[in-house]
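See below for the structure under consideration.
Index from 1, following the sequence. Just so we're clear, the structure is a prediction, and the values are computed from it rather than from any experiment. We use all heavy atoms of the structure for the numbers below, so side chains are in, but hydrogens, waters and symmetry mates are not.
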Amino acid sequence: MTTAGRPPTLDDVARAAGVSRATASRVIAGTGYASPTARDRVTAAADRLGYAPNLAARALVRGTGVRLVVAVCGVAPTVLDDPYVDRIVGAAARVCAPYGLGVALHWLPRREPAGLRRLAEDRSVGGIILVNTTEAVLRAVPAALRGRVASIGIGSALVPAFDVDNGGGTEAVVRHLYATGRRRIAMVTGPRWLSCAGRSVGAYRRVVRDAGLPVRLVPGDFSAGRGRAAAREVLARWPDTDAIVGISDATALGVIDGLRGDGVQVPGDIAVTGFDDIPLAAMTTPALTTATHPVGRIATAAATAVLAGRPVPPATVFPSRLVRRVSG
């Protein structure tokens, strides 16, 4: 048992497993000899207690790094300004603080994922959380980072992944709009290179096609500015539109602002929905109908996996549910 309010230590794991501290250390670190039985007992005890290795303490001995890097893939460094990224960093910091680890933010150019190699060579880096992960980024992960990297997005056999069920959440939103009588539903999408955007668009397409409705897609980029412009594009292309699905809450809020600028009433003339359920969504006028995105839980799971350095399922998907408010 551990003292309330204190993270479990290696001593706690050793006691729970009935082995010496040295044996527990070898198993957790993956170095030196330990019998298969001892390995099973230590791993089970660590999982049961929720133990994560103290990377800061290891760094004093090995020089392996004392910071966790949140590496965000994007076309420009402005991707770091996204409030979504702020939430990931905040959650990661809460996980790392008890272990004396800092958290750093890094832009990873989408077309130059080789920058991961420089991070792998940086002795101050203890682990990495990849955000907006692509297949190219996964292929660029150096062998030196194996066991010290997790992805918020897609993963691989070597990189565990944590993400939200974008498709399920978007499907719930579109089905809700259909159930409330909307029949000409457009969608403002996200960047085509992001898998999460593709899942949302795929879910939208399935629902409207199954219902015999027209597919109306306008490109977006998750931002309010693009949402504002997209609203006017929807009106110009399809004046009879009665609902617009935003790929994100920021997009949806931009859509609402754009519609208002053209004298369109929300939800009277056109219903608008988002995705994320950011705190502001409940406080806007009208309050935004959306779907949940547990960013904090996802980032906490990813950071914990990096600190633990133990094998985990290749993909962990968090559910998303409809949040019905006034806008749609």
### Task
Just jot down the ring-ring contact (aromatic ring centres under 6.0 Å, His included) partners of Y84, sequence neighbours excluded, or say none.
H293
Does the side chain of [X] reach to within under 4.5 Å of the side chain of [Y], using non-hydrogen atoms?
X: T134; Y: V137; result: yes
X: V141; Y: L158; result: no
X: L130; Y: L116; result: yes
X: V174; Y: R205; result: no
X: L213; Y: V207; result: no
X: I270; Y: L235; result: yes
X: T316; Y: P160; result: no
X: V79; Y: W107; result: yes

Determine the minimum heavy-atom distance between [X] and [Y], stating which atoms define it.
X: I152; Y: A302; answer: CG1-CB, 4.1 Å
X: P8; Y: Y51; answer: O-CD1, 3.3 Å
X: G169; Y: F275; answer: CA-CE1, 3.8 Å
X: R67; Y: A104; answer: NH1-CB, 3.3 Å
X: A120; Y: L145; answer: CB-CG, 3.7 Å
X: L68; Y: A303; answer: CD2-CB, 4.1 Å

Is there a path of hydrophobic side-chain contacts, each under 4.5 Å between heavy atoms of I, L, V, M, F, W or Y residues, that connects [X] with [Y]?
X: V173; Y: L253; value: no
X: V159; Y: V69; value: yes
X: F222; Y: L288; value: no
X: I247; Y: V295; value: no
X: I256; Y: I244; value: yes

#### Entry: Inter- and intrachain pairs under salt bridge (Lys or Arg N to Asp or Glu O under 4.0 Å), touching residues 131-141, at least two apart
none
### Message
Please list all pairs meeting salt bridge (Lys or Arg N to Asp or Glu O under 4.0 Å) that have one or both residues in residues 105-114, counting only residues at least two apart or in different chains.
### Response
none
Set of residues satisfying side-chain contact (heavy atoms from CB on, under 4.5 Å) with respect to [X], sequence neighbours excluded:
X: R216; answer: R184, A186, Y204, P214, W238, D240, T241
X: P294; answer: V164, R297, I298, F318
X: A243; answer: L177, R182, I185, A271
X: A93; answer: V103

Please collect all side chain to side chain donor-acceptor pair (under 3.5 Å) contacts where either partner lies in [range], sequence neighbours excluded, each pair once.
range: residues 161-170; result: D163-R199, N166-R199, T170-S200
range: residues 317-328; result: D277-R325
range: residues 245-257; result: R228-D257, S248-T251, D249-T290

#### Entry: Residue pair D11 / T9, side-chain donor-acceptor N/O under 3.5 Å
no
Side chain of [X], backbone of [Y]: donor and acceptor closer than 3.5 Å?
X: R226; Y: V188; result: no
X: D122; Y: S124; result: yes
X: R183; Y: Y178; result: yes
X: D221; Y: S223; result: yes

### Query
Passes side chain to side chain contact (heavy atoms under 4.5 Å, CB included), M187 versus V208? Steps please.
CA-CA 11 Å; M187 181 179 191; V208 298; over 6 Å; no
### Summary
Rounded to the nearest 0.5 Å, the CZ atom of R48 sits from the CG atom of D12 at a distance of 11.5 Å
### Query
When rounded to the nearest 0.5 angstrom, what distance separates CZ in R94 from OG1 in T300?
6.5 Å
### Message
Can you list everything that forms a side-chain hydrogen bond (donor to acceptor under 3.5 Å, both in side chains) with R175? Sequence neighbours excluded, please.
### Response
E171
### Message
Can you pull out every ring-ring contact (aromatic ring centres under 6.0 Å, His included) where at least one residue sits in residues 111-152? Sequence neighbours excluded, please.
### Response
none
### Message
Name the residue from I88, L80, V131 that meets the side chain to side chain contact (heavy atoms under 4.5 Å, CB included) definition with L105.
### Response
L80
